[in-house]
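Heads up: the structure comes next, in structure tokens.
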2 protein chains.
Amino acid sequence: MRRSRPEHESIDETLRACGIIPTAQRVRIGRMVLTRPTHFSAEQLYERVNLAGNHVSKATVYNTLGLFVEKDLLRRVLVGTGKVFYDSNMTAHHHFYDVESGELGDIDAGEIEIRALPKTADDVQIEGIDVVVRVRRAAS
Amino acid sequence: MRRSRPEHESIDETLRACGIIPTAQRVRIGRMVLTRPTHFSAEQLYERVNLAGNHVSKATVYNTLGLFVEKDLLRRVLVGTGKVFYDSNMTAHHHFYDVESGELGDIDAGEIEIRALPKTADDVQIEGIDVVVRVRRAAS
DNA sequence: TGTTAAACTTAGAACGAGTCTAAAGATTGC
DNA sequence: GCAATCTTTAGACTCGTTCTAAGTTTAACA
């Protein structure tokens with residue numbers, strides 16, 4: 001499981017290292033989302049990738065996001081009423097979600113300590129733990 | 001914030017206590033989901049409530065679920081790739097989600113201990129913390 | 001009780017996010 | 001250079017959910 005992208009690697013190399021053929025569209029998307037930790041929705045990416053010329057189709061955006069998630073280059077984050085975000089920060093961390101603004105932010109793994117994981121049956125393995133802290137800016 | 005429904009209360013009384021006018025449809029739905037802790041999707045409820053006569057519309061099912069969530073009689077749980085479930089267990093607890101079967105289960109609050117909550121700005125208050133443990137049955 | 005206003009429910013249209021399709025385009029191996 | 005494979009595309013489609021406008025129920029109170 002990939003945890004973070006080495007600084008020196010080009011997107012091209014990163015993709016190859018994951019067994020992904022680096023097509024023009026994938027590299028373009030990769031440059032937008034993999035070079036720094038960021039949160040975004042598929043919709044936002046689709047708009048952004050198409051701001052400057054050379055149209056990339058919706059299907060390709062979704063396919064590429066799915067591929068990146070599968071290869072552990074991105075993770076999906078669910079918040080609000082079923083809204084799907086993508087997160088290119090692959091280090092261990094959690095999220096806070098502002099229920100009013102819809103804003104999503106990172107919480108360093110060290111700031112939340114999870115103890116006493118539930119005991120599970122022998123054949124059940126834990127894939128991961130998602131923690132979302134819902135916050136609200138005080139009315140006063 | 002309501003945490004659990006007193007045993008002796010009728011659904012009718014529970015709804016009134018929350019400021020909800022107990023219409024026939026709301027009481028019918030309430031009886032199905034509020035009398036015991038259960039997980040379900042809107043789709044599942046819509047089918048179940050319409051199995052035995054007296055059709056209830058999709059709009060009313062969604063409106064009622066939204067209302068119950070707003071009044072803290074139900075909570076929403078997000079799992080998988082954006083799937084929305086409802087949970088009538090309002091005691092403090094978390095969830096595990098079997099990524100293969102799609103099955104959702106409860107984890108008692110005591111089994112997961114969250115420490116050292118992130119310090120937040122003065123005007124930010126924590127509304128709640130959602131923890132989902134993703135599990136997978138071992139292949140072997 | 002009868003009347004009225006407000007609240008609720010309804011069917012079906014509309015919506016948005018995401019997936020599928022079939023065809024065209026790019027890439028690879030030989 | 002050719003064939004096989006993989007990728008991208010536009011647009012149709014699906015699914016869960018929300019909206020709309022009309023009809024129905026409920027509550028208040030004369």
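Naming: A, B, ... by sequence-line order, numbering from 1 per chain.
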> To the side chain of A:E43, which of C:dT9, C:dA17, C:dG18 is closest?
Replying inline: C:dA17

> What nucleotide among C:dT10, D:dA10, D:dT17 has an atom nearest to a side-chain atom of A:S57?
Replying inline: D:dA10

>> Among C:dT10, C:dG18, D:dT17, which nucleotide has an atom closest to any side-chain atom of A:Y62?
In response: C:dG18

> Nearest-Å distance, CD (A:Q44) to P (C:dG16)?
Replying inline: 16 Å

>> Of the listed nucleotides (D:dT7, C:dT10, C:dG18), which one gets closest to any side-chain atom of B:T60?
In response: C:dT10

>> Starting the side chain at C-beta, find the nucleotide from C:dA7, D:dT17, D:dT8 nearest to B:I21.
In response: C:dA7

>> Closest-nucleotide mapping onto DNA chain C: is A:K58 or B:I20 further toward the 5' terminus? I mean the 5' end.
In response: B:I20

> So do the side chains of A:E100 and B:E127 get within less than 4.5 Å of each other, counting heavy atoms only?
Replying inline: no

> Any donor-acceptor pair under 3.5 Å linking the side chain of B:R28 with the backbone of B:V49?
Replying inline: yes

>> Can you measure A:N63 atom CG to C:dT21 atom P for me and round it to whole angstrom units?
In response: 13 Å

>> Tell me the interatomic distance from B:L67, atom CG, to D:dT18, atom C1', rounded to whole angstroms.
In response: 16 Å

> Closest nucleotide of DNA chain D for A:T64 versus for B:P22: which of these residues is on the 5' side?
Replying inline: A:T64

>> Between P on D:dT18 and NZ on A:K83, what's the gap in Å once rounded to a whole number?
In response: 14 Å

>> Set out, in order, the CA-CA distance, both residues' side-chain angles and the distance that settles side chain to side chain contact (heavy atoms under 4.5 Å, CB included) for B:H95 and B:V79, then state yes or no.
In response: CA-CA 9 Å; B:H95 295 97; B:V79 288; 5.7 Å; no

> Rounded to the nearest Å, what distance is computed from the CZ atom of residue B:R26 to the C1' atom of nucleotide D:dT24?
Replying inline: 14 Å

> Taking atom C1' of D:dC15 as reference, at what distance in whole Å does atom OH of B:Y46 sit?
Replying inline: 14 Å

>> Counting only side-chain nitrogens and oxygens, does A:H55 get under 4.0 Å of the OP1 or OP2 atom of D:dA10?
In response: yes

> In terms of side-chain heavy atoms of B:Q25, which of D:dT17, D:dT8, C:dT9 is nearest?
Replying inline: C:dT9

> Given B:D72 and B:M90, is the side chain to side chain contact (heavy atoms under 4.5 Å, CB included) satisfied, shown in steps?
Replying inline: CA-CA 8 Å; B:D72 279 309; B:M90 294 303 285; 4.1 Å; yes

> Could you give the CZ-to-P distance, from B:R76 to D:dG16, as a whole number of Å?
Replying inline: 16 Å

> In terms of the angle between their ring planes, are B:Y46 and B:H55 parallel, tilted or perpendicular, with boundaries placed at 30° and 60°?
Replying inline: perpendicular

> What does B:A24 touch in the nucleic acid at a heavy-atom separation under 4.0 angstrom: a base, only the sugar-phosphate, or nothing?
Replying inline: nothing

> What's the CG-C1' distance between B:L15 and C:dC8, to the nearest Å?
Replying inline: 14 Å

